[in-house]
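Data first, discussion second: the structure below is written as structure tokens.
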Amino acid sequence: MRIGKKIKNLRLKKGLTQEELGERTDLSKGYISQIERDLSSPSIETFFDILEVLGCPPREFFDDIESDQKVVYKEEDQTDYLDEELGYKIQWLVPESNENEMEPIILTLEKSGEFKQFEPSLSETFAYILKGRVIVKLGRKTYTARAGESIYFHASEDHQIVNDFDGVSELLLVATDSYL
């Protein structure tokens, strides 16, 4: 059984960051991260301390009955961020998705807008261009995609998405782990 994902889900339901859980259990944020990714196994004592902070009895933790998970997200669940200086808006389609393995957003780029530049990572990125035209800068190469076309790349080099349209461009973007 992978306990890391269950611990992460309980932590998120409790509204705690990894750092807050670490502080309450005298563990480091890094160690909490390793537990949640099943890279490290806590001792029984540490495991029970974590469950106590999360308000979950051990029996309930190991109960195979899955709790009701939210599957459908409505417009009121979404949150926005606007960067007027760079000319882009992010619309998070799923709350707290930056804590998940995938992060789906709607990215809107104003005329001459550009999304912030990202350093290389282990992330994968998929985007579907809803309207307009964008340039993807990936390392030293550039790629152009228009409405109705898709983008997919491994973020192993510096990368950035910029508007290449005489108007607003909009894309559905889904990135794995640590992109946004």
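Treat the numbers as computed from the prediction; the structure is a model and nothing was measured.
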Just wondering, are more than 12 heavy atoms of other shown residues or ligands nearer than 6.0 Å to CD in E149? yes
message: Could you check whether any side-chain N or O of S123 sits under 3.5 Å from a backbone N or O of T176, counting only pairs where one atom can act as donor and the other as acceptor?
response: yes
Self-check item: Same apolar cluster (I L V M F W Y, side chains within < 4.5 Å links), V168/Y81
Solution: no
CD of E124 to OG of S156, rounded to nearest 0.5 Å, is 10.5 Å
Here the ring-ring contact (aromatic ring centres under 6.0 Å, His included) pairs for residues 122-145, sequence neighbours left out, are none
Of all heavy-atom pairs linking G4 and D38, the shortest is N-OD1, 2.9 Å
_One pair to check against side chain to side chain contact (heavy atoms under 4.5 Å, CB included): E114 and Y88. What are the steps and the verdict?_
CA-CA 6 Å; E114 54 185 49; Y88 72 85; over 6 Å; no
In terms of heavy-atom contacts, D158 and E119 come closest through OD1-CA, 3.5 Å
Is any side-chain heavy atom of L107 closer than 4.5 Å to a side-chain heavy atom of L109? yes
Here the pair of heavy atoms bringing M102 nearest to P104 is O-CD, 3.7 Å
Residue set satisfying side chain to side chain donor-acceptor pair (under 3.5 Å) with T25, at least two apart, ordered chain then number -> none
Across all chains, not counting sequence neighbours, the side-chain contact (heavy atoms from CB on, under 4.5 Å) partners of L82 are E84, K89
For Y73 and L93, the nearest pair of non-hydrogen atoms, with its separation, is CB-O, 3.8 Å
When T144, T125, L173, I129 are each screened for side-chain contact (heavy atoms from CB on, under 4.5 Å) with I151, the one that passes is I129
Separation between CD (E36) and CD (Q34), nearest 0.5 Å, reads 11.0 Å
Hits for side-chain contact (heavy atoms from CB on, under 4.5 Å) against S112, two or more places apart or cross-chain, chain-then-number order -> none
* Output field: ring centroids F47/F62 closer than 6.0 Å -> yes
Interatomic distance, CD1@I32 vs NZ@K8, rounded to 0.5 Å, equals 13.0 Å
For residues 130-142, tabulate all N or O donor-acceptor pairs below 3.5 Å that involve a side-chain atom, not counting sequence neighbours.
unit_1	atom_1	unit_2	atom_2	d
R133	NE	D164	O	2.7
R133	NE	D164	OD2	3.0
R133	NH2	D164	O	2.5

Test side chain to side chain contact (heavy atoms under 4.5 Å, CB included) on L16 and L54; report intermediate values, then the result. CA-CA 9 Å; L16 297 175; L54 296 175; 4.1 Å; yes
Trace of the side chain to side chain contact (heavy atoms under 4.5 Å, CB included) decision for L21 with L27:
CA-CA 8 Å; L21 179 57; L27 302 169; over 6 Å; no
Between the SG atom in C56 and the CG atom in L10, the distance rounded to the nearest 0.5 Å is 5.0 Å
Q) Would you call K111-D166 a salt bridge at under 4.0 Å N-O? A) yes
Original post:
Hey, are the side chains of N163 and E110 touching, using non-hydrogen atoms and a 4.5 Å cut-off?
Top reply: no
Please check: side-chain N/O of D80 versus main-chain N/O of Q91, any donor-acceptor pairing under 3.5 Å?
no
Could you state whether F115 and V162 fall into the same hydrophobic cluster, counting links through intermediate Ile, Leu, Val, Met, Phe, Trp or Tyr residues with side-chain heavy atoms under 4.5 angstrom apart? no
Output for pair (L12 CG, Q18 CD), nearest 0.5 Å, gives 8.5 Å
Hits for ring pair (Phe, Tyr, Trp, His ring centres under 6.0 Å) against F165, two or more places apart or cross-chain, chain-then-number order -> none
Charged N to carboxylate O below 4.0 Å: is that the case for D49 and R24? no
**OP:** Show your working on side chain to side chain contact (heavy atoms under 4.5 Å, CB included) between K70 and D77 and close with a plain yes or no.
**Re:** CA-CA 11 Å; K70 186 163 183 165; D77 295 322; 3.0 Å; yes
- Message: Assigning hydrophobic clusters by single linkage (Ile, Leu, Val, Met, Phe, Trp, Tyr; side-chain heavy-atom cutoff under 4.5 Å), is I3 placed with L39?
- Response: no
Here the gap from L171 atom CG to I105 atom CD1, rounded to the nearest 0.5 Å, amounts to 7.0 Å
